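When a residue number appears, it is its place in the shown sequence, counting from 1. None of the values given here were measured: they were computed from a predicted structure.
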Amino acid sequence: MKVEIYEKWKITTERLNHNEKLNDIVKIDLDTENTYYCRIEKDLNTNKYIIKGNIFGFNFEQFPRTQINDDNYHTLINEANDIIRGWLTVLHEDILSMINILPEI
């Protein structure tokens, strides 16, 4: 098994069993309890990468514009960081809107 850390993303390459090819797991944990995270996966139907996130119980998915070879995730991770920042910005705005609806105490 090979592990690389890039921009706080953990890239793990492992062989699931002796007959299978190498499998890459690309993941970032967004909290200390590993409850909220994002992953970069390869969609088997389209053979394209997809960014998936689980944040506050919401599941997010988005295809990035960047499609790279299997040896280099750095460009894809950089784009994923921008996508995740966008997801978090929308959540932040929604939460602030809900707070504004509540009466002052």
Side-chain angles (χ1 to χ4, degrees):
M1 178 170 57
K2 175 183 152 194
V3 176
E4 176 189 352
I5 303 294
Y6 176 75
E7 297 287 332
K8 299 186 181 179
W9 286 76
K10 185 176 182 181
I11 305 166
T12 307
T13 302
E14 62 185 2
R15 194 174 300 277
L16 298 178
N17 65 46
H18 297 292
N19 297 328
E20 289 190 24
K21 65 179 185 168
L22 294 174
N23 181 47
D24 291 329
I25 300 168
V26 184
K27 181 180 177 188
I28 187 168
D29 292 314
L30 300 174
D31 65 335
T32 55
E33 290 85 32
N34 303 327
T35 306
Y36 310 120
Y37 60 87
C38 292
R39 293 176 66 127
I40 299 172
E41 299 177 1
K42 196 160 204 174
D43 185 281
L44 298 177
N45 295 326
T46 62
N47 204 31
K48 291 186 177 184
Y49 289 98
I50 186 167
I51 300 166
K52 294 184 177 185
N54 182 317
I55 306 169
F56 301 126
F58 296 102
N59 293 314
F60 297 91
E61 289 187 358
Q62 186 169 337
F63 286 100
R65 288 184 301 247
T66 303
Q67 293 294 322
I68 49 108
N69 63 28
D70 292 334
D71 296 337
N72 181 357
Y73 286 99
H74 296 187
T75 303
L76 191 56
I77 285 172
N78 291 337
E79 183 175 350
N81 286 334
D82 290 339
I83 290 170
I84 295 164
R85 195 170 282 109
W87 293 342
L88 293 172
T89 299
V90 169
L91 285 173
H92 178 257
E93 291 170 356
D94 289 347
I95 289 169
L96 287 178
S97 294
M98 289 182 246
I99 289 171
N100 290 331
I101 291 172
L102 297 172
E104 294 286 328
I105 297 178

Inset, instruction - State yes or no: do I84 and F56 share one hydrophobic cluster built from I, L, V, M, F, W and Y residues joined by side-chain heavy-atom distances below 4.5 Å, directly or via other members? - result: yes
Inset, instruction - Decide whether I77 and Y37 are clustered together by the hydrophobic rule: side chain heavy atoms of Ile, Leu, Val, Met, Phe, Trp, Tyr closer than 4.5 Å, transitively. - result: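 No; tracing contacts between hydrophobic side chains, which count when under 4.5 Å, never links both residues.
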Can you measure from [atom1] ([X]) to [atom2] ([Y]) and round to the nearest 0.5 angstrom?
X   : Y   : atom1 : atom2 : result
I11 : E4  : CD1   : CD    : 4.0 Å
I5  : E7  : CD1   : CD    : 11.5 Å
T12 : K27 : OG1   : NZ    : 9.5 Å

Mind listing the closest non-hydrogen atom pair of [X] and [Y] along with its distance?
X   : Y   : value
G53 : C38 : CA-SG, 3.7 Å
Q62 : W87 : OE1-NE1, 3.5 Å
Y36 : D31 : N-OD1, 3.1 Å
K8  : I28 : O-CG1, 3.5 Å
K52 : E41 : NZ-OE1, 3.2 Å
T66 : L76 : O-CD1, 3.4 Å

Inset, instruction - Classify the ring geometry between H74 and Y6 as parallel (under 30°), tilted (30 to 60°) or perpendicular (over 60°). - result: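 Rings of H74 and Y6: parallel, under 30°.
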Inset, instruction - I would like to know whether I40 and W9 meet side chain to side chain contact (heavy atoms under 4.5 Å, CB included); could you show each step before the answer? - result: CA-CA 10 Å; I40 299 172; W9 286 76; 3.8 Å; yes
Legend entry - V90: hydrophobic cluster co-members (side-chain, 4.5 Å): none
Legend entry - I50: hydrophobic cluster co-members (side-chain, 4.5 Å): F63
Legend entry - Pair E93-L96, side chain to side chain contact (heavy atoms under 4.5 Å, CB included): steps then yes or no: CA-CA 5 Å; E93 291 170 356; L96 287 178; 5.8 Å; no
Inset, instruction - Start with the C-alpha gap between I25 and R39, add the side-chain angles, then the distance that decides, and say whether side chain to side chain contact (heavy atoms under 4.5 Å, CB included) holds. - result: CA-CA 8 Å; I25 300 168; R39 293 176 66 127; 3.6 Å; yes
